[in-house]
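For reference, the structure discussed in these notes is given below.
Throughout, a chain's letter reflects where its sequence line sits, starting with A, and its residues are numbered from 1. The figures here come from the full heavy-atom set of this structure, side chains too, leaving out hydrogens, waters and symmetry mates.
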Amino acid sequence: LKVAAVLSSYSLSCRMCILPLSCRRDFYKILGVSKSASVRDIKKAYRKLALQLHPDRNPDDPKAQDKFADLGAAYEVLSDEEKRKQYDAYGEDGLKEGHHSSHNDIFSSFFGDFGFMFGGNRQQQDRNIPRGNDIILDLEVTLEEVYSGNFVEVVRNKPVAKEAPGKRKCNCRQEMRTTQLGPGRFQMTQETVCDECPNVKLVNEERTLEVEIEQGVRDEMEYPFIGEGEPHIDGEPGDLRFRIKVLKHPVFERRGDDLYTNVTISLVEALVGFEMDIIHLDGHKVHIVRDKITKPGARMWKKGEGLPNFDNINIRGSLIITFDVEFPQTQLDEQQKDGLRSLLKQGSVQKVYNGLQGY
Amino acid sequence: MELIRAVHGFVRSLLFLLLWSNCEGRESELNYVTCGSLVKLLNTRHNVRLHSHDVKYGSGSGQQSVTGVENADDANSYWQIRGKPNRPCQRGAAIKCGQAIRITHMKTGRNLHTHHFSSPLSNNQEVSAFGENGEGDDLDLWTVQCEGVHWERDEAVRFKHVGTDVFLSVTGEQYGHPIRGQREVHGMSSSNQHNWWRTMEGVFIQPSQELIRHDEL
């Protein structure tokens, strides 16, 4: 029992393993997810940690490379249905020797091809290098996705510049040439002059990209993938940017982090009270109980039932419910009218006023 | 009787084998053109890509021109596949053969459009890019004509205009300055070798898994 305890604690903290064959890492712990985490949870955890643990971001940490490598290995196994099953059953040792995708491939499917630039913006020193065109894709997202988050898989087929045999003309420009026609007579002509460069041809390549729809994302926000845009024969490729377009929803209206909705109740419910559930964007029910009279236009505020805030998903907006009343459709007979007069005991009001000026 | 049973058993195991070999764990739409995808369309007969830019026709409607270009690395050749107005298609859903779509130019937000104007070089029907921010009018709809159920990425398809019934085509006429070498793109009423198109480069959106709604715990 003691031996087993020692071995299990060793495997949980194993980062630099002395015996590579018995190296056992807890991939779930590395990603910070539970054993029952969905693929979406795993992708989300990877993306968040990859930004934090990238060695370029931690130049002072000597263990940064290893932590980052562990993260890549964890994602590679847990995001693949087959490999995850094997790992759950037999641990890291049980994984078959197969081709392992390089961590660079995994990282660039979340962030783009051209290495890692903080904040997704290019560094200033690239000013002089010509760049290919940027591509902007309008990505429609539903309010459900804004509430719970989601991942969109995308296949990018793009032309990539490859070396080809021979030379080509590049940097062509117009130059003025002066030729002497005779003593004291000169002629200036325009000539096209080119340099010689190694030949390049464009070959189409394909790869999968993962775009995260983060919780609380706002309209027009962009997710850039560096280097995934159009190529430039004499320079670097442009970027691919996904621009979020939040679609209108049939039940909820978004205002910032708050959600607005309307409920129609019957006249009886408005007078005697009611109880109901509103089904929220992720399926959970918001319970409403009313035992007083509800006027048409009355508003109810439900704190914490709005959208998560993009910068801090622990903060949520509110759900504001506005009630309107549906009056009975059939006309009332004299007996019912008398009954109502005596039941409600409300005298005649008939107040005339200017409602458009707030009187 | 025995023979029938044997054949039955053979067919069943064959079907099972086929089913198994096609099964890749989750449903993959990698080979289909899907709603929301950004694509470049190549005319297979003339090897040029559908293209537009901020250059207006000098004749006809005077709207933004649509041409065919030879180079493969221009972002102005990207078009987004979108559903009909007021009936958006679901992001990532494969486009069906026979479905009416809008083809929106990425850079300028104008829709592939045609109408009763003559094209400048060949006197066929002028094809233009029309609208603002992806919204134009009823003449922005095109039906995808293809074999099978869904529009496949490496399949040659035709685009038939809803409204005037012409096919999106290129017959090889070339423009001069300022768009030298670019081919005329027009609508023609006959279906022939000039109206085949296939997708090339692009960003193909895969369908997302349905967000699970759980009951209150």
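Each of A/Thr142, A/Val152, A/Val141 was checked for a side chain to side chain contact (heavy atoms under 4.5 Å, CB included) with B/Ser208, and the lone residue meeting it is A/Val152.
Of the atoms belonging to A/Asp277, not a single heavy atom falls under 4.5 Å from chain B. Heavy-atom distances place no part of A/Glu205 under 4.5 Å from chain B, backbone and side chain included. With a 4.5 Å cut-off on non-hydrogen atoms, A/Tyr147 does not touch chain B at all. Only the backbone of A/Ile136 comes within contact range of chain B, with at least one heavy atom under 4.5 Å from a heavy atom of that chain.
Here the shortest heavy-atom pairing between B/Ala72 and A/Pro159 reads O-CG, 3.6 Å. Of all the heavy atoms in A/Pro231 and B/Asp73, the pair that sits closest is CG-CB, 3.8 Å. The two residues A/Leu137 and B/Gln80 have their closest heavy-atom pair at CD2-NE2, 3.9 Å. The heavy-atom pair separating B/Arg153 from A/Glu206 by the smallest distance is NH2-OE1, 2.6 Å.
Within 6.0 Å of the CD atom in A/Gln174, the count of heavy atoms belonging to other residues, nucleotides or ligands exceeds 12. Shown here is A/Glu220, whose CD atom has more than 12 heavy atoms of other residues, nucleotides or ligands within 6.0 Å. The environment of B/Glu135 atom CD is dense: over 12 non-hydrogen atoms of other residues, nucleotides or ligands sit within 6.0 angstrom. Applying the 6.0 Å contact sphere to NZ of B/Lys84 captures no more than 12 heavy atoms from other residues, nucleotides or ligands. No more than 12 heavy atoms of other residues, nucleotides or ligands sit less than 6.0 Å from atom CG of B/Asp138.
Across A/Leu247, A/Leu240, A/Val155, the residue that shares the most heavy-atom pairs under 4.5 angstrom with chain B is A/Val155. No other option in A/Thr208, A/Leu209, A/Asn157 has as many heavy-atom pairs under 4.5 Å with chain B as A/Asn157. Between chain A and the options B/Met106, B/Arg82, B/Lys40, heavy-atom pairs under 4.5 Å are most frequent for B/Met106.
Side-chain contact, B/Glu201 with A/Asn204: a donor N or O sits under 3.5 Å from an acceptor N or O.
Under a 3.5 Å cut-off, the side chain of A/Arg156 and the backbone N or O of B/Gly202 do form a donor-acceptor pair.
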